[in-house]
Amino acid sequence: MPRPEASPTLSPFDPVPGRRLIVTGAGAAARGAFEAGIGLVTTYPGSPITETFEILASSENTARPICSLSLNEHVAFHKAMGFSLAGGRSLITMKHVGFNVAADPAHYIGYTGVKGGMVILVGTDPGAQCSTGEYDFRFYALHTHLPLVEPTSGQQILDCMRHAFEWSEADGVPYVIAVPAGACYGIEGVVTGMIEPKHAGTSFTESKTLTNVGRRAVENHRKLLERLEKIRREAEIRNLVQVFGNGREALIITSGIHLSRVREAANILGIAERLRIFCSTVTHPFPTDLLKTHVEACSRLIFVEDLGGFLETVISRYLLSLTRSPHVQGKDLFPAYGNLDLDMIMKGLANAFSVNIRKSCDESHTETAGITAVPDISKIPEIPEREGTFCPGCGYRGFFHILTEFLGPDDIMGGDIGCSSLPPHFSSWLTCMNSGTAIAAGVSLALAGRRQIVSMIGDSTLLHSGLQTLIEAAADDSDQVCFILYNHWTAMTGHQATPATPRTAEGVSRPHIDIKSLLTVLGVKRFDTIDPWRISGLRVLLKRVLHERGFRVVIVERECTLLSNRRRPASGWHRTYRLEPERCHECGMCYERLSCPAIVKNADGVLAIENGLCAHCGVCEQICPNGAIQEIQIRK
Amino acid sequence: MIFNVVITGIGGQGVITAAGLLRFAAITAGYRLTGADNRGGAQRLGHVSAVIRITDDDCEIRPLAPEIPKQNCDLLISLEASEGLRFADLINPGGTIVMNRRITIPTNIRRARLPYPTLAQCLIAYEALVSGGGRTSKVIELDADGMASDAFRKPILGNLIALGAGLSRSAPPGIVERLTSRLSEEERAAFDLGFSKQGTLT
């Protein structure tokens, strides 16, 4: 039994260094930023990295940074840049697709440089487990010319985050730290460090480099490339390269979270002695000088990385400069799409080293020696994917139920990011923020009058990037019904407030933008508001607006039920619903088509409402064709 | 020593809470930890799971991936009976499986009117996974939600009952003591209920 240590901690703000903090990767990043004494954190929320901002914003410590929930990543980026130019330490966090929105300023900041330490923390998503789309984010490093850090563990996320602010100040450029979803949600016990005093900003110094135009832009470009060469040489000094093993058969180059997978796979496969592993935490600019002796010592080179193969692309260019190029493998062993996990790395390496994976796995069972029979999993029933769906009481369930009643199979529904994009996907497309109304505007130009076109936009998306689209659509009188799904919050990522959030989570009213006034200012002439819990009203309104032509807006307003239900008193009389089995004809309207999770089928096949799940929206009562669902009062 | 655990279920069943308790206990007892949560379905009644890898090795020398290698999961706790079958290829034939007697049919299956595995089918599958080598079966089947409702009028405590049942059969030294010392009186009672009864051993 191991020796227990000083008591671990769950508080990311624990002032004591040397304690073991049990935390996710996103949380380790928050702790690292806190230790570095950042003065500002900006974000637009996005999984898998939302938690970093949420943790920093939850601090009640006097060292709490300014926590700015921006309208979008482009705004957030500029704000963090400005804070740094005034000498403070700033952090911006966003998901990989958010970086696309911030890509414009990200392509200038290396040229202008920064003053106070600045870190750009990006949550990437190989496998697209929480995103619309996956791509190899790392290629951005090549054309933004920003240094890129890929931490290998939760501890390294913390350590890199703490040090990257110093590196940024020393090198005059912001550092990008990329953390994939698997590491953002990974949980370890990381060791805490000292908390530095806050770097809140000192002064703004005028500088010619900040005007990046013409000859000055070219000069800035030259200097930036020089800086990158300096950073390339720093990797050794900063102790950012790890080499394991001294085998000569193959050199494995990997990065980030894959390091622990490669090392465990090599142990299980029994090939650790045959290879050596080279892993640099800074992957752009890559410390190729340190690679030379290892490349020369090994007969072949294997890149273990996911998606596009950034390392293979960058390092292959370097290999061409060597007198003897080794045999290179990488994307032929590991797919250029999807998430790369331990199992796939095992298979790829077993293939590359001609090892019997089955035999190696059986031998690795030291704990269960003596068990030889391997179960036949081919007989195990396959479990279909379990969709996450609208929560019980979500206004969108009833809204889509009724809207789809009115739409024909040829009609077109533009979909947008956020809770409205949850299954059962009714929309015709779902790509990036603001894709609903904006793409629908183009479709309606081509098909006006021949198809019914409706589009969705959430309230958070409206303020993120939808305003320009609405101004244009109103000006063009785009032939579509635009539904603004107004649930008062950025609900999908955990209820961050937007400027249009009318009440705090506790229910206290707050100053906010009135959406109807906003629409008037944007030039929208026809708009209505509807409560999606009121089914008959919804039907009447939809019948009318779907009959009209031109640009029409409907605000579908109902606060996210998860939040409004939290404010309900815990005890007392509660409204709920009961399903009378003798009146139920099992038509499937509630259980299948509405598919509210609170309506369940008992073991004997009878439908019932599970009181613990029911959020008492009453939509099922309103759509039941036979009056089998009735309101009742229960006392809690 | 490596002890690999998967706790799974659907949003709202307390998967992440149970995993957090186990992780804290492991670190307090001096072990090292890796693993990851899949919280994607939390609050939306989708799939939720937590992978917990506990070791007394030095992770610098013998690092562990965030995922469990095939056939290396020593304890699987399935708070929704079918969800654990997603991890079938990870189960160690000598490991322990806790199956809560509860099936929630996904809404996509309802709409498509497709068949879904029953409790009996799940149980047969789990037994096939851990009956290798002629040892006695190590599937613990229990109605954790029902037990929690009856004893505490709180079905949410089913997660602690299932955790107690699972750790009663196998746990690295020191973990159960560390875990229970942090629980409230009622949580402790729920954990003990699972730990002592172990549901129906099949």
Contact class of A:Ile383 relative to chain B, heavy atoms under 4.5 angstrom: both
List the atom pairs, with distances to 0.1 Å, where a side-chain N or O of residues 153-167 of chain B and a protein N or O form a donor-acceptor pair under 3.5 Å, not counting sequence neighbours.
from	atom 1	to	atom 2	distance (Å)
B:Lys154	NZ	B:Glu186	OE1	2.6
B:Asn159	ND2	B:Gly14	O	3.0

Quick check on B:Tyr126 against chain A: is it the side chain, the backbone, both or neither that has a heavy atom closer than 4.5 Å? neither
Which bit of B:Leu90 comes within less than 4.5 Å of chain A, counting heavy atoms only: side chain, backbone, both or neither? neither
Sub-4.5 Å side-chain heavy-atom contact between B:Pro66 and A:Tyr185: no
Side chain from CB out, backbone as N, CA, C, O: work out which of these in A:Cys596 comes under 4.5 Å of a heavy atom of chain B, or both, or neither. backbone
What part of A:Ser47 gets closer than 4.5 Å to chain B, counting heavy atoms only: side chain, backbone, both or neither? neither
Do B:Arg110's NZ or CZ and the ring of A:Tyr591 fall within the cation-pi criteria of under 6.0 Å and 45°? yes
Counting only non-hydrogen atoms closer than 4.5 Å, does A:Leu259 touch chain B with its backbone (N, CA, C, O), its side chain (CB onward), both, or neither? neither
The interface call for A:Ile345 against chain B, heavy-atom contacts under 4.5 Å, is neither
Segment of B:Glu60 engaging chain A (4.5 angstrom heavy-atom cut-off): backbone
What's the spacing between A:Tyr396 OH and A:Asn487 CG if we round to 0.5 Å? 3.5 Å
Dump the intermediate steps for side-chain hydrogen bond (donor to acceptor under 3.5 Å, both in side chains) on A:Glu54 and A:Thr50, then the final yes or no. CA-CA 6 Å; A:Glu54 295 283 287; A:Thr50 314; over 6 Å; no
Heavy-atom pairs under 4.5 Å with chain A are the metric here; pick the option from B:Thr34, B:Leu64, B:Ile124, B:Asp89 that has the most. B:Leu64
Structural part of A:Asp341 lying under 4.5 Å from a heavy atom of chain B: both
As an exercise: rank B:Ile109, B:Thr118, B:Thr104 by heavy-atom pairs under 4.5 Å with chain A and give me the winner. B:Thr104
